2 protein chains.
Amino acid sequence: MVESPKGRDELVEVAVDLFAKNGFAGTSIRDIAAAVGRSVSNVYHYFENKEALWLAILEYSVKALPEKLHAALADKQDPLERLTALVRAHLEASVQHHRESKIFFIDEERLSPMGKRANRRVQKEVLEIYVGEIERLKAAGIVRTDETKIMAFNVLGVVNWHLRWFRPVGKLKEEQVFNEIIGFIMRAVREAPPGS
Amino acid sequence: MVESPKGRDELVEVAVDLFAKNGFAGTSIRDIAAAVGRSVSNVYHYFENKEALWLAILEYSVKALPEKLHAALADKQDPLERLTALVRAHLEASVQHHRESKIFFIDEERLSPMGKRANRRVQKEVLEIYVGEIERLKAAGIVRTDETKIMAFNVLGVVNWHLRWFRPVGKLKEEQVFNEIIGFIMRAVREAPPGS
DNA sequence: CCAAGGATAGAACGATCGTTCGAGTTCGCG
DNA sequence: CGCGAACTCGAACGATCGTTCTATCCTTGG
């Protein structure tokens with residue numbers, strides 16, 4: 001179904017794989033060139049340097065995440081429904097672009113200031129979407145904490161952590177896993193019932 | 001308060017810093033040697049190779065985590081109290097050994113099979129502690145899910161994710177942050193109240 | 001059919017990597 | 001004091017790193 005890409009795109013495609021597997025410092029230009037069966041200089045024909053390739057990946061796939069999340073919210077009104085849809089869209093995007101998502105949340109201190117900034121910008125954007133939704137829930141009286149940002153971090157922790165353990169090939173059906181995660185989050189955001 | 005360590009210990013101490021900041025592939029033996037103001041060969045006097053140094057760090061600090069968690073559980077009976085104590089101990093240990101904890105959950109595929117195994121073993125041990133507690137809660141009728149492992153992953157996600165954003169120097173008091181996180185988790189593990 | 005420019009390759013650069021070696025220095029203990 | 005062990009160092013090895021250069025090939029428009 002995926003038509004095999006050529007030229008520049010094929011490089012990005014393969015680089016995503018290797019960066020996700022070995023990190024930025026752990027992946028050499030030669031690794032990437034060898035994986036596409038082309039020469040080292042060919043990589044430099046398309047990208048100014050190693051970091052430009054990293055940024056191209058961010059451009060290519062990861063930056064689409066905030067848009068997907070916004071799209072999932074577009075037609076929902078009820079705050080609880082909105083958060084559910086947000087988390088579900090986030091989980092689906094993470095599984096669909098598993099390798100890219102892993103890159104997105106790698107903490108690469110070896111990037112240039114520009115590379116770091118690009119990474120942080122995407123992360124911050126996603127965080128703000130979650131904070132916005134939690135504040136909606138608070139306005140609706142469902143969430144009671146004053147620390148909406150901490151709660152957003154906690155939700156993001158659950159969502160992102162599943163990149164570390166979830167494998168689509170496992171015996172559990174994806175849908176069931178998603179429902180467990182969503183249920184966990186939706187219980188957590190509500191204030192504890194008074195009678196307990 | 002920390003007496004400055006000598007010889008081998010000083011190397012471990014500094015290596016923890018650099019590995020946590022730059023990852024395994026991103027930290028060179030020369031970096032470490034320079035940071036302690038000694039020679040490269042001196043590092044090799046104490047450690048067979050780079051990975052032995054990594055394993056020494058695991059030995060030195062991270063492997064103590066499961067013991068700390070067990071200790072926090074030792075004198076508690078009530079399942080809810082137990083999970084609260086477990087999470088709190090985990091958070092405290094993570095903050096206290098912030099750099100080591102970051103290393104612990106770095107996904108370093110560049111390690112040898114032996115190094116990977118050591119990392120995974122610690123992670124698995126911690127996971128099993130959480131699964132055990134969640135199954136206690138299930139036996140007590142508080143948790144209702146059948147997927148106790150998924151729930152354990154979710155809890156670990158929240159706990160570990162705070163390494164990514166929490167800074168002890170922030171304006172929020174550590175105690176307050178901990179309480180927010182613990183509250184989040186304790187709400188999430190209970191089944192939703194029937195009337196909602 | 002030929003010129004131009006994109007695509008590709010191979011060789012080489014200086015830097016840095018993990019690691020080894022041999023030789024000094026210091027230290028503890030008889 | 002003497003001697004072996006522990007410690008420390010600088011130099012060097014081969015491998016690999018990111019990057020550059022030059023030269024071909026292939027395609028394509030006039």
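The chains referred to below are lettered A, B, ... by the order of the sequence lines, with proteins before strands, and numbering in each begins at 1. All values reported here derive from a predicted model rather than from experimental measurement.
Looking at residues 40-49 of chain A, you'll see Val40(A), Ser41(A), Tyr44(A), Asn49(A) sit with a heavy atom under 4.0 Å from some atom of DNA chain D.
Rounded to whole Å, atom P of dA5(D) lies 21 Å from atom CZ of Arg8(B). One atom, CD1 of Ile29(B), and another, P of dC13(D), lie 20 Å apart when rounded to the nearest Å. Glu51(B) has its CD atom 9 Å from the P atom of dT19(C), to the nearest Å. Here dT19(D) presents its C1' atom at 14 Å from CD1 of Ile32(A), a figure rounded to the nearest Å. Distance NZ (Lys50(A)) to P (dA15(C)): 19 Å, rounded to an integer number of Å. Per the geometry, CH2 belonging to Trp54(B) stands 15 Å off P belonging to dT19(C), to the nearest Å. As rounded to whole Å, 15 Å separates atom C1' of dC7(D) from atom CG of Asp9(B).
The pair Arg88(A)-Glu175(A) counts as a salt bridge, with a side-chain nitrogen and a carboxylate oxygen less than 4.0 angstrom apart.
For Lys138(A), the NZ atom is densely surrounded, since the number of other residues' heavy atoms within 6.0 Å is greater than 12.
Proximity of Phe178(A) to Val95(A): side-chain heavy atoms (C-beta onward) are separated by under 4.5 Å at one or more points.
Heavy atoms of Arg38(B) sit under 4.0 angstrom from primed sugar atoms or phosphate atoms, though from no base atom.
For dC17(D), one of the phosphate oxygens OP1 or OP2 lies less than 4.0 angstrom from a side-chain nitrogen or oxygen of Ser28(A).
Not counting sequence neighbours, the partners of Glu59(A) by the side-chain hydrogen bond (donor to acceptor under 3.5 Å, both in side chains) test are Lys63(A).
Taking the six-membered ring for Trp and thresholds of 30 and 60 degrees, His90(B) and Tyr130(B) have ring planes inclined between 30 and 60 degrees apart.
Each of Ile181(B), Val155(B), Ile142(B), Leu83(B) was checked for a side chain to side chain contact (heavy atoms under 4.5 Å, CB included) with Met186(B), and the lone residue meeting it is Leu83(B).
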